[in-house]
Protein chains: 2
Amino acid sequence: MREAPQSPEDQKRALLEAQDGFIAAFGQMGSAWGISRTMAEVQALLYITGEPLCTDDIMERLRISRGNASMSLRALLDWGVISRAHKRGDRKEYFQADQDVWDMFRAILRERMKREVDPLLASLHEIRDKTNSDLPGKGKRSRDDDPELRQKVDEHNTRLDSMLRFFETVEALSQKFVSPAGRGLKIAATLLTSPLLTGGGRER
Amino acid sequence: MREAPQSPEDQKRALLEAQDGFIAAFGQMGSAWGISRTMAEVQALLYITGEPLCTDDIMERLRISRGNASMSLRALLDWGVISRAHKRGDRKEYFQADQDVWDMFRAILRERMKREVDPLLASLHEIRDKTNSDLPGKGKRSRDDDPELRQKVDEHNTRLDSMLRFFETVEALSQKFVSPAGRGLKIAATLLTSPLLTGGGRER
DNA sequence: AAGTGATTTCAATCATTTCTGAAATTGTCG
DNA sequence: CGACAATTTCAGAAATGATTGAAATCACTT
């Protein structure tokens with residue numbers, strides 16, 4: 001409902017502002033999920049911009065130092081959510097984001113599973129094994145056994161096991177979700193219309 | 001394969017150590033996912049212990065201050081992953097964790113969606129609306145229009161839209177996943193055996 | 001309504017993470 | 001090989017987030 005005619009300059013400014021809004025929102029969210037704000041912002045900038053940018057472009061647009069830009073870009077490359085590009089006759093490196101949102105998130109998911117779920121699982125396994133050899137199961141019992149303690153140990157093991165099973169399921173699921181390109185969307189679509197979800201349940 | 005006979009004291013110590021290992025691993029993971037380490041540890045302690053504990057129990061076991069314990073417990077209550085309990089003839093409040101891992105994670109998921117995805121979605125909508133009124137779509141074009149800019153704006157809108165669609169899907173999925181109790185596991189099981197996942201694909 | 005113990009709050013402090021900027025390194029070209 | 005631009009590294013500075021502890025508040029009881 002705006003009446004004021006807009007010059008190309010105004011339009012351009014408005015576009016940049018809108019992009020900044022997106023970048024800020026995305027950075028915000030990233031930091032809540034344990035990704036550094038800057039890293040998320042760089043990703044957002046490359047994504048919303050759609051074209052390859054060089055380190056200086058990013059430094060200028062995001063007002064960050066060269067060091068920070070370099071390290072964030074490196075991390076994003078490691079995560080596999082952006083890639084290098086080159087312009088002929090230009091010595092600088094350019095970077096661009098994967099344009100498919102699902103691919104991007106699958107890459108992030110894959111990386112985080114590897115980094116955070118796998119170690120937890122390993123540590124859970126270790127604890128379980130140690131507990132079992134130190135405190136053998138119902139099978140044999142030493143004459144010193146105290147029934148109350150025995151029960152606590154059993155319960156501990158039960159809970160540890162259900163936690164293990166949970167994370168192993170999550171892990172397996174994420175592997176499935178993550179492997180072949182383009183799958184994420186299909187899975188989501190299927191899930192959203194699946195009778196398991198829409199049917200049966202007595203959800204109000 | 002241990003030979004040394006164990007006194008009940010040894011067994012008890014071993015149990016506590018194993019629990020501490022679990023608590024540490026869980027706290028570690030929590031902090032990587034943007035939940036404060038202490039909050040995650042309190043949750044882990046209540047979970048692995050299985051019985052109601054009071055503030056002092058938690059302070060002592062986790063070596064944290066009263067203030068910290070109080071605030072962490074409050075936050076966990078807000079998230080709906082632990083609940084209050086009372087012992088008759090005791091003025092203190094006790095707390096216990098939900099014993100179903102899936103329920104627990106569904107509660108966490110619900111809370112995080114509410115806190116972090118919803119605001120991002122809102123902000124994305126706002127940006128889209130603002131951009132559209134400032135820079136109207138292909139339909140009408142002012143005489144000042146510059147085709148190159150126009151194209152950039154269109155691309156910006158396209159990317160914003162796919163991001164929006166992505167998060168709306170995620171949101172919808174999480175709602176489905178989160179609503180009726182006990183669903184999570186069933187969904188996971190279905191997904192893991194679904195032909196969509198195991199069949200078709202040419203995953204090496 | 002005063003006393004008592006439990007609980008919450010919050011300013012100050014402490015710890016951790018992130019960022020900067022200058023120096024070191026890498027890679028390219030003549 | 002030098003010269004030079006681009007990039008990386010990293011020690012310390014700055015920012016952010018978590019924790020403490022003591023005082024205030026709350027909720028019973030007598």
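Quick caveat, the model's predicted, so the values are computed rather than measured. The basis for the numbers below is simple: all heavy atoms, side chains too, and nothing from hydrogens, waters or symmetry mates. Lettering follows sequence order; numbering is per chain, from 1.
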Hey, is the side chain of A:Arg74 poking within less than 4.0 Å of OP1 or OP2 on D:dT7, counting only N and O atoms? no
Could you give the CG-to-C1' distance, from A:Leu53 to D:dT7, as a whole number of Å? 17 Å
Between C:dT8 (P) and B:Leu76 (CG): distance, integer Å: 13 Å
Would you indicate, yes or no, if C:dT8 has its OP1 or OP2 atom less than 4.0 angstrom from a side-chain nitrogen or oxygen of B:Ser70? yes
Using atom types as modelled and distance alone, determine if a side-chain donor or acceptor of B:Asp57 lies under 3.5 Å from a backbone N or O of B:Cys54. yes
How many whole angstroms separate atom CG of A:Leu62 from atom P of C:dT18? 16 Å
Per atom distances to the B:Met71 side chain, the nearest of C:dT7, C:dT9, D:dT8 is C:dT9
Contact check, residues 34-47 of chain B vs DNA chain D, heavy-atom distance under 4.0 Å, returns B:Ser36, B:Arg37, B:Thr38
Here's one to test your reading of the geometry: is the NZ or CZ of A:Arg112 within 45 degrees of the ring axis of A:Trp33 and under 6.0 Å from its centre? no
SB check A:Lys12 B:Asp146 (cutoff 4.0 Å): no
Less than 4.0 angstrom between a side-chain N/O of A:Thr55 and OP1 or OP2 of D:dA6, yes or no? no
A:Leu73 atom CG is separated from D:dT8 atom P, nearest whole Å, by 8 Å
Please determine if A:Lys130 and A:Glu126 form a salt bridge, counting it only when a charged side-chain N lies under 4.0 Å from a carboxylate O. no
Find which nucleotide of DNA chain C each of A:Asn68 and B:Ser31 is nearest to by heavy atoms, and output the residue with the more 5' nucleotide. B:Ser31
Should the pair B:Asp56-B:Lys92 be classified as a salt bridge under the 4.0 Å nitrogen-to-oxygen rule? no
Look at the side chain of B:Ser123 and the backbone N and O of B:Pro119, then say whether any donor-acceptor pair between them is shorter than 3.5 Å. no
is_close_aromatic(B:Phe105, A:Phe167), centroid dist under 6.0 Å: yes
Gap between atoms CG and P, on A:Asp78 and D:dT9 respectively (whole Å): 10 Å
Side chains of B:His125 and B:Glu168, donor plus acceptor under 3.5 Å: yes
Nearest-Å distance, CG (B:Asp57) to C1' (C:dT7)? 15 Å
Quick check: on DNA chain D, is the nucleotide nearest A:Phe95 upstream (toward 5') of the one nearest B:Arg63, or the reverse? Name the residue that is more 5'. A:Phe95
Between N or O atoms, less than 3.5 Å apart, protein on one side and nucleotides 1-6 of chain C on the other: list the pairs.
unit_1: C:dT4; atom_1: O2; unit_2: B:Arg91; atom_2: NH2; d: 3.1

In whole Å, what is the span from the CG atom of A:Leu77 to the P atom of D:dT7? 12 Å
Are any of the side-chain nitrogens in A:Arg37 or A:Glu41 under 4.0 Å away from the carboxylate oxygens of its partner? yes
What nucleotide, of C:dT20, D:dG21, C:dT9, holds the atom closest to the side chain of A:Ile64? C:dT20
